[in-house]
Amino acid sequence: MFVSHSLEQKHQATAHLATTMSFLQLANAELEARLLTALDQNPALELVEELRCPECGRRLRKLPCPSCAAPREDDMPVVYLSPREPTYGRADDDDEREWRLEAEAPERLDEYILRQIGPALTPVERPIAAYLLARLDEDGLLPEAAAEAAAFQRARLSDVERVLALIQHADPPGVGARSPQESLLIQLECLAESAEPTARTIIELAGLIVRDHFQALGKMEYAHIARVLRRPLPRVEEAARFIQRNLTPYPALAAWGEGRKARAQVMSDSTLRRADVNISVLNRGNTNSLMVEVFTPLSGWLRVSPEFKAALAKCAEADREKWSQAVTEANLVAKCVQQRNHTMRRLMQIIAAEQRAFILGGDGDLLPFTRAHIAKTLGLHESTISRAVAGKCAALPDGRIVPLAKFFDRSLSVRDRVRLIIVGETRPLTDDQIVEELARQGVHVARRTVAKYRKMLGLLPATMRARRARARRVQVR
DNA sequence: CTATGGCACGGATT
DNA sequence: AATCCGTGCCATAG
């Protein structure tokens, strides 16, 4: 009886310990939920009024207010906890890519498409859709003919075709096509539906070219195409440009790359992320040191209610046990939140100091940086850093919302350089030539690696790229 | 012969 | 211990 009781108590304690220990890996939204239930269930836990900066009115954890205080001289970023409502923002497109790559599993694409077409499916069509979606290759193409699928599934051809048509008109435009060529045609079809009348003619011409002169298009034989179609050369070139800029032979890759124009409208709410920390530039005097706000979910701070503690001393014997447990539990929660805040602050300070260039600049300025490195300088275990970083987002001074994991991307800056080189090229550079160019910039990677990055970026090989230097996505700034 | 993509291995990271 | 990532080697397409 005695033993089992203490065991039970111990078990409960460790259970609570386990849950509170994991506070670190929770993002703000989740932590808020946890704390609210804790406040609700535990009478010993108390939320103390927030403070405000007398000068700027900003909500604060403690005085003085860092944004009003003098900037630090050692150029270390100021980090403080802010109970202010977190900033929301549209995730910057590169992050979208991050997330997609992390969860790259093809079935994600399946699910995404299935969600769109699901409601339109009859019970007969459902298994057909599941089958077809499972057969999509990594580019989002479906190598087999509808008839084959029908035979394999022992379904009616007309049913298969209907489902296929649904898939092909679902969001990443062009998925489910049998070949890149067919995919392009489907994408054109989708574009034509929403296009302005003025754009119709160019789309029409593009369609002709893709359908009848696909090979020639790949080889950039525009003069030849123009002659056969009896259209002026500039028009053909314009159409080719249109194809290059708006279509992709790899619809699945387009889902996070080029396709975001269309996607942004569809997924407006899911691209809106809530930041867990905010990094801004403090312009005071000539210094522009960084300021980091680590958002805390509740405005105010947690502690064990002194009244409750006082009451505990003179309460009835019967209740004492229960109440004192509530007190220890409350203590634990408060401690853990404190611990979490402390870790987050130190972590963000290091990150902000180390990746200052990236925060103020762009992807190309990201320095190679590992969690292990931080763990060492902070004297924490690597897994602690992993948990702290996992699933959290930072708002950068220029409005980007990036996952903290991005600060640890070893290859991002190189990928960005590859992108810039290709975007700025005057003639198509082969992967080997890109390797040379990178070496000139002091970055040494293998040719094979460049090829991989190029594919990640959704860029075509040199032999299939137009020589014209085009501003691919600079327009979006 | 050159440029790329596929497979797979080893080492670093988590 | 599991996973990710860069890279080397080889096959293939042009």
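The sequence lines fix the lettering, A, B, ..., with proteins before strands; numbering per chain opens at 1.
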Enquirer: Measure the distance from CG on A:L459 to P on B:dT4 and round it to the nearest whole Å.
Expert: 12 Å

Enquirer: For A:H373 and B:dT14, give me the distance from atom NE2 to atom P, rounded to whole Å.
Expert: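 Rounded to the whole Å, the gap is 12 Å.
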
Enquirer: Specify the separation, in whole Å, of atom CG of A:L457 and atom C1' of B:dT4.
Expert: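 The answer, rounded to whole Å, is 16 Å.
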
Enquirer: Between A:D276 and A:G391, what is the shortest heavy-atom contact and its length?
Expert: OD2-O, 4.1 Å

Enquirer: Of A:K406, A:R417, A:R415, which is the lone residue that meets salt bridge (Lys or Arg N to Asp or Glu O under 4.0 Å) with A:D363?
Expert: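 Answer to the salt bridge (Lys or Arg N to Asp or Glu O under 4.0 Å) test with A:D363 among A:K406, A:R417, A:R415: A:K406.
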
Enquirer: Please determine, for the side chain of A:E382, which listed nucleotide (B:dT14, C:dT7, B:dG5) has the closest atom?
Expert: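 Of all the options, the side chain of A:E382 is nearest to B:dT14.
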
Enquirer: Specify the residue among A:R448 and A:D432 whose closest nucleotide of DNA chain B lies further upstream toward the 5′ end.
Expert: A:D432

Enquirer: Which whole-number value in Å describes the distance from A:K455 NZ to B:dG6 P?
Expert: 5 Å

Enquirer: Are A:R371 and B:dT14 close enough that a side-chain N or O sits under 4.0 Å from OP1 or OP2?
Expert: yes

Enquirer: Whether A:R454 contacts B:dG5 is assessed here as follows: a side-chain N or O lying under 4.0 Å from the phosphate OP1 or OP2. Is that the case?
Expert: yes

Enquirer: Can you name the closest pair of heavy atoms from A:P397 and A:S280 and give their distance?
Expert: CG-CA, 4.2 Å

Enquirer: What's the CZ-C1' distance between A:F369 and B:dA12, to the nearest Å?
Expert: 17 Å

Enquirer: A:D409 has an atom CG; how far is it from atom P of C:dC5, in whole Å?
Expert: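 After rounding, the reported distance stands at 8 Å.
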
Enquirer: Going by side chain to side chain donor-acceptor pair (under 3.5 Å), A:D431 matches just one of A:R448, A:K452, A:R454. Which one?
Expert: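 The side chain to side chain donor-acceptor pair (under 3.5 Å) with A:D431 is passed solely by A:R454 among A:R448, A:K452, A:R454.
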
Enquirer: Rounded to whole Å, how long is the line connecting atom CG of A:L24 with atom P of B:dT14?
Expert: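 In whole Å, B:dT14 P and A:L24 CG are 16 Å from each other.
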
Enquirer: Distance check: side-chain N/O of A:T430 vs OP1/OP2 of B:dT2, anything under 4.0 Å?
Expert: no

Enquirer: Taking the six-membered ring for Trp, are A:F407 and A:F358 parallel (under 30°), tilted (30 to 60°) or perpendicular (over 60°)?
Expert: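 Because their plane-to-plane angle is over 60°, the rings of A:F407 and A:F358 count as perpendicular.
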
Enquirer: According to a strict under-4.0 Å criterion, is A:T449 in side-chain N/O contact with OP1 or OP2 of C:dT7?
Expert: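 A:T449 to C:dT7 OP1/OP2: side-chain N or O found under 4.0 Å.
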
Enquirer: Whole-Å distance between C:dT7 P and A:R447 CZ?
Expert: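 Computing the A:R447:CZ to C:dT7:P distance gives 11 Å.
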
Enquirer: OP1, OP2 of C:dC5 versus side-chain N and O of A:Y453: anything below 4.0 Å?
Expert: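 For C:dC5, neither OP1 nor OP2 has a side-chain N or O of A:Y453 closer than 4.0 Å.
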
Enquirer: May I ask you to say what A:S383 touches in the nucleic acid, namely base, sugar-phosphate or nothing, with a heavy-atom cut-off under 4.0 Å?
Expert: nothing

Enquirer: So what does A:R410 hit on the nucleic acid, given a heavy-atom distance under 4.0 Å: a base, only sugar-phosphate, or nothing?
Expert: sugar-phosphate

